[in-house]
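Single-structure report; data block below.
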2 protein chains.
Amino acid sequence: MDQSSPRNTSVTVADVAHKAGVSKATAARALGGYGTVSDRVREAVTAAARELDYRPNELARSMTTGRSGTIGVVVGDIENPFFSLAVRGITDVARQAGFTVILINSGEDFVAERAAIGTLLAKRVDGLIVSPAKENDVEHLHEAVRSGLPLALLDRGSDTLDVDTVIADDRHAAENITRRLIALGHSRIAYLTACDTPDHRFRTAKDIGTGSVRRRIEGFLGVCREAGMIGTEDWVHVGAITPEHTQRIVTEMLQSAQPPTAIIASDSIIGLEVFKVHRRLGLSIPDDLSLVSFHDADWTSVTTPPVTVVRQPVYDLGATAAKLLVERLNGEAQTPRKVVLKNEIVERASTREARF
Amino acid sequence: MDQSSPRNTSVTVADVAHKAGVSKATAARALGGYGTVSDRVREAVTAAARELDYRPNELARSMTTGRSGTIGVVVGDIENPFFSLAVRGITDVARQAGFTVILINSGEDFVAERAAIGTLLAKRVDGLIVSPAKENDVEHLHEAVRSGLPLALLDRGSDTLDVDTVIADDRHAAENITRRLIALGHSRIAYLTACDTPDHRFRTAKDIGTGSVRRRIEGFLGVCREAGMIGTEDWVHVGAITPEHTQRIVTEMLQSAQPPTAIIASDSIIGLEVFKVHRRLGLSIPDDLSLVSFHDADWTSVTTPPVTVVRQPVYDLGATAAKLLVERLNGEAQTPRKVVLKNEIVERASTREARF
DNA sequence: TTGAAAGCGATACCAA
DNA sequence: TTGGTATCGCTTTCAA
C-alpha cells in the first residue's frame, strides 16, 4: 500500500504540467485560478494534480507574491489563561480569513520580544499582533512599522506607536473597583502585579512598562488620592512573576504589622495564589481580607467564597485585534484605529466591609 | 527621524554585496558563516549589512536549503489548560533548538485537523507534532510520514503509526483511581468525557477515537469488571464538549433515580463544571458525591473541598515530544521511540466512602 | 488561450 | 579565497 503511493515530496507545477501535456505557466494558471485557461485544459491539469497529489509550495509562492499568508503573534505567556483565550480569539479570526498564525512567547521579556519580532520579520509574516512587554521599549516595533509591516497592538497600547490598538478600559475598571472597596471602608488596599521594576520596588506608575497594568495602577492611585488616602504607593507590590514570588510577597504582606484589608490581584494567576496563601495562613475571605482579581478565570466562581473579578473581554480583545489587522492586510485600512472594549465588574462574595 | 532610516524592505544580499564591493556569493558566505572568507572581507560585509539593516529572507533561504526552521503543532484546543501547558513545553524546547512553532487548533475536529496538516505541509514545516483527534482516522498523518516529514504524536498514540510518541500512562491512572473508589465502597461510578460518538451514547471503548481517553475508559471498565460490577458501560458518558453540554449531562445524571456516587472527569474543564453543578444542586462533595478529575489544574487545590486529581506531566509531555522531534530533525534519530510518562494521583478531599 | 522566459532571494557548486 | 552561475518552485509579464 504505502509504496504504491507516490512520495509527493516535491511534486511541482512542472511535474503536473508535464503530465497534463501543457506548459508550466498554463498549469500554474489552472491551479492557481488566475489568468485565463480553457475548461478542457483546466480539467486535465486538475486531474493530473490530483493524481500526483500535488501540493503547492507555499514558500515558493510567498517568495514571488510577497505575501506569506501568515500572521505573527507575540504574547507574554501562552500558559496564562488570559493570553491563551486571547490567542484563541486571534486564531479563530485569522483562520477564517485564510491566515495562519505563528505564535511566539516573549515571557514578558523585552529582549526575547525583540528577538521574536526579528524571527517573524525574517519569516516575512504579512502582519504582526503584539502585546508589548514594555510600552516604552518599542523601538523594534517602530522598526517593523517603518519597514511597512502592518501591526496591531493587543491589550497594551503605546503613545508613540500610531497603529491599530485594542485594549480594555482597565483604568476605568480599576477606578471602579477601588471606589467600591473604599466605600466598603477599606483604607489599606494592596495592588499586586507581576510587572517588575529594576529594584523590585514601586515608586510611581511611570515605572510600570506594561501599559494595561500601568493604567490600572494609575486608576487605583488616583481614586485613593481623591479619597484623601496618602502613601498609597507603598501598597503597590510588583514582581509577582511566579507563584513562588507571589506567595512570598503575599505572606509577608499579610503577616506585617499593617496588613492590607483588601487585595487587588492584577491577573488570575496572582489571584489564585493570594487565595492559596490566605488559606494557608488560616485567614478568612472576606472576613479578614477582601479579594478582587482581574480576569474572570473559570475557577473564580467555584471557590468558597467565589471571587469578585474584573471580567475582561479577553476573547474579543484577541478577535478584534485580528480583525483590525486582517482588514488592513486586505487593504480596507483607514487610519489606525484605537478600540477600547468594556470591562465588567462581577461582584461576588470575596469583598465585604472592612473589619475594624 | 523615521525617514532617515532606510526602509529595509528587501535589502538583499546583492545590496550588501554591492555596498561591500564584493560578489553576491562572497557576501552570502560571509553572512551565512559558511564556506571560507577572508577576515577583511567578512568585516566589510558585516559592516555593510549592519548599515543597511540587512535581514536575511528566511523564505528564500528555506527554499534553497529545504529547511524552514519551523515546527508545525496541531492540538485540540489551545484554550484548554492541558494544551496550553503542553504547548508551552513544546515552544520552550523548540525555541531552544532554534525552531519556530506554527500552532493550529483542530477543535478536536478530524476534518479541521486534516486541513491543518495540509496547511503545514504547504508551509514546508520541518516537522510535525500532532495530538490526533481520532486515532483511527490518521490517513492524513500517514501521508505526511510517507512524504518523509518527521512526526511526533502528543498524548495520543496510534498503533498503525510507527512514529515518535509521548503519552502518559492514563490506563494505569484510571485503573488506580477506579480501584480506590471501589475500595471506598462506590459502585455507581460515572466517567465523563468530551469525546463524542455519532449518537452521543457510549457502548464500547472502541467507539472512542481519542487514544488517551480510550485507554482511560478501558482501564476504568476493566477494573469495574474485575470487581464484579456489570453494566458499567452505561456509566460512561460522552459528548461533554462544552460547559453547557457538561452541565446538562451532569445535572441529568445527578437527578436520576440512580445517581452516581462518584464521578471521574476526563479533564479539568469538565471537572470544573461537575463542581459547579453539584453546588447548584445543593449537593455536597464528598458527602453526596466523590469527584476525581484528570489534569491537576491550578484551581483544583483551592476549592472547598480540594479536588482529587490525576496529575499528568503535561509540560513534560509537550517538552518531550518536541525533544524527540528535534533530535530526529538533527539526524540523531534512531527507530521511533515510544515514551510513556508517569501520572501521579493526588488524593485530596473530594473523595470519600460512598454513602448508603 | 497558451508558452517562453524573467524574476523573487537565498544557497551551492565549480572554476578561477 | 573569490566570483559566476545554476537552482529551488512558483508567479507574472510579454509574445505568439
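Here is the naming used below: chain letters follow the sequence lines, and residue numbers restart at 1 for every chain.
- A:Thr100 places a side-chain heavy atom less than 4.5 Å from the side chain of B:Ile102.
- Salt-bridge annotation for A:Glu327 and A:Arg337: present, with a side-chain N of the basic residue lying under 4.0 Å from a carboxylate O of the acidic one.
- Salt-bridge check for A:Arg55 with B:Glu143: passed, with a basic side-chain N closer than 4.0 Å to an acidic carboxylate O.
- Of the two residues contacting DNA chain D, namely B:Val41 and A:Gly32, the nearest-nucleotide position lying further toward the 5' end is that of B:Val41.
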Provide a list of protein-nucleic acid N or O atom pairs under 3.5 angstrom, restricted to nucleotides 4-9 of chain D.
none

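- The side-chain heavy atoms of A:Leu151 and A:Leu141, taken from C-beta on, include a pair separated by under 4.5 Å.
- Salt-bridge annotation for A:Glu108 and A:Arg156: present, with a side-chain N of the basic residue lying under 4.0 Å from a carboxylate O of the acidic one.
- A donor-acceptor contact under 3.5 angstrom links the side chains of A:Asp155 and A:Ser212, judged on distance only.
- Contacts between chain A and DNA chain C, taken as any atom within less than 4.0 angstrom of a protein heavy atom, begin and end at C:dT1 to C:dG9.
- For the pair B:Glu58 and B:Arg61, the salt-bridge criterion is met [side-chain N within less than 4.0 Å of a carboxylate O].
- For B:Thr36 and D:dT1, the shortest distance from a side-chain N or O to OP1 or OP2 is below 4.0 Å.
- Taking a pair as Watson-Crick or G-U wobble with both distances under 3.5 Å, the runs of three or more consecutive pairs in DNA chain D are C:1-16 with D:1-16.
- Salt bridge absent: A:Glu139 and A:Lys134 never bring a charged side-chain N and a carboxylate O closer than 4.0 Å.
- Here the rule is side chain to side chain contact (heavy atoms under 4.5 Å, CB included) with B:Asp164, and of B:Thr335, B:Leu324, B:Leu325 only B:Leu324 fits it.
- A salt bridge links A:Asp92 with A:Arg88: the distance from a Lys NZ or Arg NE/NH1/NH2 to an Asp or Glu carboxylate oxygen falls below 4.0 Å.
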